[in-house]
*Asks:* 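Submitted below is the structure of interest, expressed as structure tokens.
Numbers restart at 1 for each chain; the letters A, B, ... are given by sequence-line order, proteins then strands. Hydrogens, waters and symmetry mates play no part in the numbers below; they use all other heavy atoms, side chains included.
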Amino acid sequence: MLDIAFIRNNPEVVKEGARKKRMKVDIDELLSVDNDMRRLKTEVETLRADRNRISKDVSKSSGPERDDLIQQIKFIKNGLTEKEPKLKELEERFEQLMLFVPNPPLPEAPEGDSEEDNVLIRKVGQVPQFDFTPKDHLELAESLDMVDMPRAVKFAGARMYFLKNEGALLEFALFKFALDHLASKGFQPMIVPQLVRREAMVGTGFFPLGEEDTFFVSKDDLYLVGTAEVSLVSYHMDEILSESELPKRYCGYSTCFRREAGSYGRDTKGFYRLHQFNKVEQVVICENDPEVSMREHKLLLENAEEIMQALGLPYRVALACTGEIGQGQVLKHEIETWMPSRGKYSETHSCSSLHEFQSRRLRIRYRGADGKVKPCHTLNNTAVASPRIMIPILENFQNADGSVTIPEVLRPLMRGMERIEPKNSK
RNA sequence: GGAGAGAUGACCGAGCGGCCGAAGGUGCUCGCCUGCUAAGCGAGUGUGGGGUGUAGAGUCCCACCGAGGGUUCGAAUCCCUCUCUCUCCGCCA
């Protein structure tokens, strides 16, 4: 959500932002509703002021004078009964329109339509050269008996899976490693609610646009989160924090549920696109200062890169183009990891700054040193998401004999195992 | 799931249908005072929105005492619905 005053004063900036993001939104309609709403509001408030004033006199009067005052109020109330529903209608329309206005991207976000227009920032690590025919991650995972997809699909449907044996252990090791790393840097570890109310989904900006992609538990009116970001950001909903306690830095673990509506037939094989996965997410809530949030943005990116480097995975960092940036984000970096079977770097992390977009929706504010209450800035980035991260781990670290070498940092977390060996029986 | 109690400002907590945007305290800000610290003294300090005003300051108004309806000239106070919290019982990782 943007500040309506900002939209009023800078309609062209907002329109240009929407255009860059390739999003359709009718700012002129919004402003016209805003205008009508304010005009009517003034009328209604004048009537209310009259009513309140006269009503106070009622208590001081008596007899015919009193009856006369009450008559006057009844007359005013007629005007109110006529105007109030119209005002309410306009206000609802206004709120609705506001939910769709995209946050204009920062100037440093490159303009573009799709992934191809993202700008490469840096490459880290060596892409492996195999002197044997490498397998893809699914083949590896099956031969290593780390996964069972067919049995899951049989009773749970497409894009479902079991992780088993070293697969299960590896995932826990990854999350433990990530949480430890972030906790050591002062991020507060959290295990978060995975079922949330609509308010949290709208508040974090996933709704209304992302509603189709979300699982809904209708009996209880609760939504399954697609990321811990929803809960971590909503944590401070409706609060006024003090500047001295900022920034708030969190790392949260959750399972993530995504319907993947509209992606039928895409990435159907393997670990890339699943209905359910697990993730450690980083979230920062900080002061309303673009420089501060940019610093935090870099910190979040750096944390994720440190984890990637510790794992020894070859990756690159790209700056997402405007067409790839979500509605609420002003800047987004992606970490893409080398996946041999795809023959390219593919997204494993997404680092976003949202400025006031979420905090306005959720009313997360803080009292500045000047005594003024301001909306915070919010940011988030993946720390590690699995099983997707297992694609590059399995594929990059595979050996000629079909085994996979476990990254050193994870070995202490996997009972000292150094390799995952192929199994014969299933 | 059954029975009962509750939801008030950044936080805690009082509140008779008009004198309540709301006592008191804590916190915070500013000042004073005291070898230092702690304490003490004084003053200030709600949110959101609309109008006016040169962004500002100021000023006027509206709304808000969990949310939404209702009664009333007038509702934090009365009634209804919902949500959440707590206690007890049941069930349960």
*Asks:* Can you tell me how far P in B/rC78 sits from the matching atom in B/rG15, rounded to whole Å?
*Replies:*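 It works out to 12 Å between them.
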*Asks:* Provide, to the nearest angstrom, the distance between the CG atom belonging to A/Asp238 and the P atom belonging to B/rC84.
*Replies:* 16 Å
*Asks:* Output the residues of residues 89-103 of chain A in contact with RNA chain B, where contact means a heavy atom of the residue under 4.0 Å from an atom of the strand; sort by number or write none.
*Replies:*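 Of all residues in residues 89-103 of chain A, none places a heavy atom under 4.0 Å from RNA chain B.
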*Asks:* Only counting residues at least two apart or in another chain, list the ones meeting salt bridge (Lys or Arg N to Asp or Glu O under 4.0 Å) with A/Glu281.
*Replies:* A/Lys279
*Asks:* Does A/Arg365 have a side-chain nitrogen or oxygen under 4.0 Å from the phosphate oxygens OP1 or OP2 of B/rU47?
*Replies:* no
*Asks:* According to the Watson-Crick and G-U wobble definitions, with both distances under 3.5 Å, which nucleotide is paired to B/rG56?
*Replies:*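 Check on B/rG56: unpaired, no WC or wobble geometry under 3.5 Å.
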*Asks:* Using the C1' atom in both, what is the distance from B/rG9 to B/rC28, to the nearest Å?
*Replies:*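 Roughly 14 Å separates the two C1' atoms.
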*Asks:* Using Watson-Crick or G-U wobble geometry with both distances below 3.5 Å, tell me the partner of B/rC41, or none.
*Replies:* B/rG31
*Asks:* On a whole-Å scale, what distance lies between the C1' atoms belonging to B/rG1 and B/rC64?
*Replies:*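 Rounded to whole Å, the distance is 36 Å.
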*Asks:* Using Watson-Crick or G-U wobble geometry with both distances under 3.5 Å, which nucleotide pairs with B/rC36?
*Replies:*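 B/rC36 is paired with nothing.
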*Asks:* Within this structure, what is the CG-to-C1' distance between A/Leu241 and B/rC11, rounded to whole angstrom?
*Replies:*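 Checked: the CG to C1' distance equals 13 Å.
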*Asks:* Name the pairing partner of B/rG68, where a pair is Watson-Crick or G-U wobble with both distances under 3.5 Å, or state none.
*Replies:* B/rC80
*Asks:* For the P atoms, the ones on B/rC65 and on B/rG58, what distance do you get once it is rounded to whole angstrom?
*Replies:*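 Nearest-Å result for B/rC65 against B/rG58 at atom P: 26 Å.
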*Asks:* Here's a test of your reading of the structure: between A/Arg360 and A/Arg197, which maps to the more 5' nucleotide of RNA chain B?
*Replies:* A/Arg360
*Asks:* Apply side chain to side chain contact (heavy atoms under 4.5 Å, CB included) to A/Phe162 and list each qualifying residue two or more places apart in sequence or on a separate chain.
*Replies:*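 Only A/Asp148, A/Ala152, A/Phe155 meet the side chain to side chain contact (heavy atoms under 4.5 Å, CB included) criterion with A/Phe162.
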*Asks:* For A/Ile364 and B/rU47, give me the distance from atom CD1 to atom C1', rounded to whole Å.
*Replies:*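 It is 16 Å, rounded to the nearest whole Å.
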*Asks:* For A/Leu47, which residues count as a side chain to side chain contact (heavy atoms under 4.5 Å, CB included) partner, sequence neighbours excluded?
*Replies:*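 Here the qualifying residues are A/Ile76, A/Leu80, A/Lys83.
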*Asks:* Within this structure, what is the CZ-to-P distance between A/Arg38 and B/rC62, rounded to whole angstrom?
*Replies:*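 Rounded to whole Å, this separation is 19 Å.
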*Asks:* Would A/Ile54 and A/Arg51 count as a side-chain contact (heavy atoms from CB on, under 4.5 Å) here? Give the steps.
*Replies:* CA-CA 5 Å; A/Ile54 297 173; A/Arg51 180 199 60 194; over 6 Å; no
*Asks:* Where along residues 41-50 of chain A does a heavy atom come under 4.0 Å from RNA chain B, residue by residue in number order?
*Replies:*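 A/Lys41, A/Thr42, A/Glu45, A/Arg48, A/Ala49 - these, ordered by number, are the residues of the stretch whose heavy atoms sit under 4.0 Å from the strand.
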*Asks:* For nucleotides B/rC84 and B/rC79, find the distance between their P atoms and express it as a whole number of Å.
*Replies:*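 That atom pair is separated by 22 Å.
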*Asks:* Over how many whole Å does the gap from A/Leu87 atom CG to B/rA63 atom P extend?
*Replies:*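 One finds 12 Å between P of B/rA63 and CG of A/Leu87, rounded.
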*Asks:* With a 4.0 Å cutoff (strictly under), does any side-chain N or O of A/Arg8 reach OP1 or OP2 of B/rG50?
*Replies:*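 Affirmative; the distance criterion is met.
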*Asks:* Output all residues satisfying side chain to side chain contact (heavy atoms under 4.5 Å, CB included) with A/Asp28, sequence neighbours left out; order by chain, then residue number.
*Replies:* A/Lys15, A/Asp26
*Asks:* Under a 3.5 Å cut-off for both contacts, is B/rG48 paired Watson-Crick or G-U wobble with anything, and if yes, with which nucleotide?
*Replies:*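 Base-paired to B/rC62.
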*Asks:* If the condition is side-chain hydrogen bond (donor to acceptor under 3.5 Å, both in side chains), which residues does A/Tyr161 pass it with, not counting sequence neighbours?
*Replies:* none
*Asks:* Kindly write out the residues that satisfy salt bridge (Lys or Arg N to Asp or Glu O under 4.0 Å) with A/Glu82, not counting sequence neighbours, or none if the list is empty.
*Replies:* A/Lys86
*Asks:* Starting from C1' on B/rC62, measure out to CD1 on A/Ile76 and report it in whole angstrom.
*Replies:*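 Taking atom C1' of B/rC62 as the reference, CD1 of A/Ile76 is at 14 Å.
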*Asks:* Would A/Asn103 and A/Gln329 count as having a side-chain donor-acceptor pair, cut-off 3.5 Å?
*Replies:* no
*Asks:* Give every residue pair that meets the salt bridge (Lys or Arg N to Asp or Glu O under 4.0 Å) criterion with at least one member in residues 236-245 of chain A, sequence neighbours excluded.
*Replies:* A/Asp238-A/Arg363, A/Glu245-A/Lys248
*Asks:* Given the C1' atoms of B/rG66 and B/rA5, what is the spacing between them in whole Å?
*Replies:*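 16 Å, rounded to whole Å.
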*Asks:* Over how many whole Å does the gap from A/Met1 atom CE to B/rG48 atom P extend?
*Replies:* 14 Å
*Asks:* What residue pairs, at least two apart or across chains, pass side chain to side chain donor-acceptor pair (under 3.5 Å) with a residue in residues 205-222 of chain A?
*Replies:* A/Arg198-A/Glu211
*Asks:* Applying side-chain contact (heavy atoms from CB on, under 4.5 Å) to A/Val25 and A/Val14, what does each step give before you reach the verdict?
*Replies:* CA-CA 10 Å; A/Val25 61; A/Val14 178; 5.8 Å; no
*Asks:* Only pairs with both distances under 3.5 Å count, Watson-Crick or wobble alike; so what is the partner of B/rA14 in this structure?
*Replies:*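 Pairing partner: none.
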*Asks:* Partners of A/Arg342 by side chain to side chain contact (heavy atoms under 4.5 Å, CB included), sequence neighbours excluded?
*Replies:*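 Once residues adjacent in sequence are excluded, the partners of A/Arg342 under the side chain to side chain contact (heavy atoms under 4.5 Å, CB included) criterion are A/Asp267, A/Tyr272, A/Met339, A/Lys344, A/Ser346.
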*Asks:* Rounded to whole Å, please give me the gap between CG in A/Asn9 and P in B/rA55.
*Replies:*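 The answer, rounded to whole Å, is 10 Å.
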*Asks:* For B/rA22, what is the paired nucleotide under Watson-Crick or G-U wobble rules, both distances under 3.5 Å?
*Replies:* none
*Asks:* Between B/rA57, B/rG46, B/rC84, spot the one nearest the side chain of A/Lys372, thanks.
*Replies:*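 So the side chain of A/Lys372 is nearest to B/rA57.
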*Asks:* Taking B/rA93 as the reference, what is the distance to B/rG4 when you measure between their C1' atoms (whole Å, please)?
*Replies:*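 Going atom to atom, C1' in each nucleotide, I get 27 Å.
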*Asks:* About how many Å separate CG of A/Leu354 and NE2 of A/His297, when rounded to the nearest 0.5 Å?
*Replies:*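 Atom-to-atom, A/His297:NE2 and A/Leu354:CG are 10.0 Å apart.
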*Asks:* What are the atom names and distances for every N/O pair under 3.5 Å that joins the protein to nucleotides 65-76 of chain B?
*Replies:*
| from | atom 1 | to | atom 2 | distance (Å) |
| --- | --- | --- | --- | --- |
| B/rG69 | OP1 | A/Lys88 | NZ | 3.0 |
| B/rC73 | O2 | A/Ser55 | OG | 3.3 |
| B/rC73 | N4 | A/Arg66 | NH2 | 3.4 |
| B/rG74 | OP1 | A/Lys77 | NZ | 2.9 |
| B/rG74 | O4' | A/Ser55 | OG | 2.8 |

*Asks:* Among A/Lys423, A/Arg411, A/Arg419, A/Arg415, find the one that has a salt bridge (charged side-chain N to carboxylate O under 4.0 Å, His left out) with A/Glu166.
*Replies:*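 When salt bridge (charged side-chain N to carboxylate O under 4.0 Å, His left out) is applied between A/Glu166 and each of A/Lys423, A/Arg411, A/Arg419, A/Arg415, only A/Lys423 qualifies.
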*Asks:* Using both distances under 3.5 Å as the test, list the Watson-Crick or G-U wobble partner of B/rG90, or none.
*Replies:* none
*Asks:* Work out how far the P atom of B/rA3 is from that of B/rU8, and round it to whole angstrom.
*Replies:* 25 Å
